[in-house]
Amino acid sequence: MSENSSKIKFHSGENIPLELHKVRVVQKLHLVPIERRLEALYEAGFNTFRLDTKDVFLDMLTDSGTNAMSDRQLGAMMIADDAYAGSQSFVRYQKAVEEVLGKKYLLPVHQGRAAENIISNAYVRKGSIVPMNYHFTTAMAHITQYGGKIEELLYDEAYVINSKHPFKGNMNLEKLEECINKHGAANIPYIRMEASTNLIGGQPFSIDNLRNVRAIADKYKIRLVLDASLLGENAWLVKQREEEFKNSSMAEIILTMTGLADLVYFSARKLSSSRGGGICTNDYAIMKELEPLVPLFEGFLTYGGMSVREIEAIAVGLYETLDESMICQSPQFIAYLVNSLEKKGVPVVTPPGVLGAHMNAMEICSHISQLEYPAGALAAAFFLISGVRGMERGSISNQRDEYGNETYADMELLRLAVPRRVFTLSQIKYVEDRMTWLYENRNLIGGLRFVYEPPVLRFFMGGLEPVNDWPQRLMAKFREDFGDSL
């Protein structure tokens, strides 16, 4: 489809996104009183991952596995071939990967981090260096688990929170060559490009940049690996922002991007609005290197740890990734929220990216030291005053170094994910209203400290507590301003 709500103008002059879908199934939400939300925070160790959904109004934690599935996906799940081996559901999945992503060989896995584990197991050794435009939490954890280290190679403008640069996810080409020359090509198992860079605000890279990375990879005979979990949205922003591709179809853009990579892996929870994942390539030798690890870690080669119903949904979802009206909905809602908050003076990451809107906690909570985790504090404070669950993307999401020392994130962000076709515009406006109020009362927010810290991926299950009684004072101010409102 070629419809695009960004081309629809309102007579009033308002610039608002128009949903090009209708809601046919609904799920009831609950907004519990702020007093209960405070109790829930203490029960969850001030970690939004540990909140129970009965206490959550709008769940903006992630888009992973929370995107709305289409009627066609749900219908496809009913014709699944429920076989352990040789399932025709897998044949349909394989065909979709070949037609949409342009890759002949497919290895199924249960989600994106399973692909990261298999790729790291196959290629990363002690002393390996993996250059990337920016890390993702699970990607870095798997690489370090197998003895490797990462090098993040962004241009300086990527770290400018408030910017107009269209492709802040571009890899720094000069730094890439320096990295290869410093460590030696033999010690670099692959170069990783993430579409789009999750932890710096969902920022895309350009195809021109990817072509140049490919040229460097060829020069030094190094594999190029593409994390395509948010490929659809990156491709849509390429169409909006890269002159060469303004008249190209989504199919053409996606095939151009995947065609530049030796190996593509993805979380279907993001890419195709369903649960699962995959690793794909046109290189037979790569496929044979990775193939034995799938039965070891995931399941047989035609289900890879997924149910066949999920596999059917993935296949349909991949084709729907080519539908511009479907892909554009989330980034347009994100842009609406980001632009509205910026007009109110709330510090946000710009230009608007993909996956979600990102609040600049370093500036909003400038009175809180990174030692006390400002992004985590902002996430907790926002849940308290709104019932909206976001995700900390800052130093809590980092991991300690090999000596146990704290490492501080380049950015302290509160991410408010906007899954595809899940929220209404009135709900987005509620988020805008409560975030604006919180920004006006930001000095009431205080810091956090760990009381329980897991050794790996601590942001998932770690427990924290406030450094003083700031949550009670923030709740009192809420009641003063909003009365008995939820």
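The analysis underlying the following values was restricted to heavy atoms, covering all of them including side chains, and did not include hydrogens, waters or symmetry mates.
A distance-only check finds no donor-acceptor pair linking the side chain of Arg92 to the backbone of Glu312 [under 3.5 Å]. A donor-acceptor pair under 3.5 Å is formed between the side chain of Ser87 and the backbone N or O of Asp81.
Distance CH2/Trp236 to CD1/Ile253: 11.0 Å, rounded to 0.5 Å. Atom CE of Met132 is separated from atom CD of Glu151 by 10.0 Å, given to the nearest 0.5 angstrom. We find the CD1-CZ distance between Ile188 and Arg223 to be 12.0 Å, quoted to the nearest 0.5 Å. One finds the SG atom of Cys280 at 11.0 Å from the CG atom of Leu290 (value rounded to the nearest 0.5 Å). Distance check, rounded to the nearest 0.5 Å: NE2 of His142 to CG of Leu457 gives 8.0 Å.
Evaluation of the side chain to side chain donor-acceptor pair (under 3.5 Å) rule for Ser128 yields no partner, not counting sequence neighbours. Tyr373 pairs by the side chain to side chain donor-acceptor pair (under 3.5 Å) definition with Glu406, not counting sequence neighbours. Under the side chain to side chain donor-acceptor pair (under 3.5 Å) criterion, Arg241 pairs with no residue, sequence neighbours left out.
With Asp63 as reference, Lys270 is the one residue of Arg415, Arg421, Lys270 to meet the salt bridge (charged side-chain N to carboxylate O under 4.0 Å, His left out) rule. When each of Met435, Arg389, His358 is checked for a side chain to side chain contact (heavy atoms under 4.5 Å, CB included) with Leu416, only Met435 meets the rule. Exactly one of Ile216, Leu210, Asp218, Leu263 qualifies for a side chain to side chain contact (heavy atoms under 4.5 Å, CB included) with Leu224. That residue is Leu210.
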Exercise. How far apart are the C-alpha atoms of Tyr134 and Glu194, what are their side-chain angles, what is the distance that settles it, and do they pass the side-chain hydrogen bond (donor to acceptor under 3.5 Å, both in side chains) test?
Worked result: CA-CA 7 Å; Tyr134 207 71; Glu194 182 179 322; over 6 Å; no
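Ionic pairing of Glu320 and Arg420 is not present here: no N-O contact between side-chain nitrogen and carboxylate oxygen is shorter than 4.0 angstrom. Taking 4.0 Å as the cut-off between side-chain N and carboxylate O, Arg458 and Glu453 count as a salt-bridged pair. Electrostatic pairing of Glu432 and Lys343 does not count as a salt bridge here, judged by no charged N lying under 4.0 Å from a carboxylate O. Between Lys288 and Glu291 there is a salt bridge, with a side-chain nitrogen of the basic residue lying less than 4.0 Å from a carboxylate oxygen of the acidic one. Of the charged side-chain nitrogens involved, at least one lies within less than 4.0 Å of a carboxylate oxygen, so that Asp82 and Arg309 count as a salt-bridged pair.
In this structure the side chain of Met69 never reaches within 4.5 angstrom of the side chain of Val316, judged on heavy atoms. The shortest distance between side-chain heavy atoms of Lys95 and Tyr319 falls below 4.5 Å.
Crowding of Arg400 atom CZ: a count of heavy atoms from other residues, nucleotides or ligands under 6.0 Å exceeding 12. Phe10 CZ: more than 12 foreign heavy atoms inside a 6.0 Å radius. Around the CD atom of Glu14, the shell of radius 6.0 Å holds no more than 12 heavy atoms that belong to other residues, nucleotides or ligands. The neighbour count for Lys175 NZ, taken as heavy atoms of other residues, nucleotides or ligands under 6.0 Å away, is above 12.
Side chain to side chain, Asn121 and Tyr146 meet the donor-acceptor criterion of an N or O pair below 3.5 Å.
Taking the six-membered ring for Trp and the full ring otherwise, the centers of Phe90 and Tyr303 sit at least 6.0 Å from each other.
When all heavy atoms of Met411 and Ala158 are compared, the closest pair comes out as CE-O, 3.1 Å.
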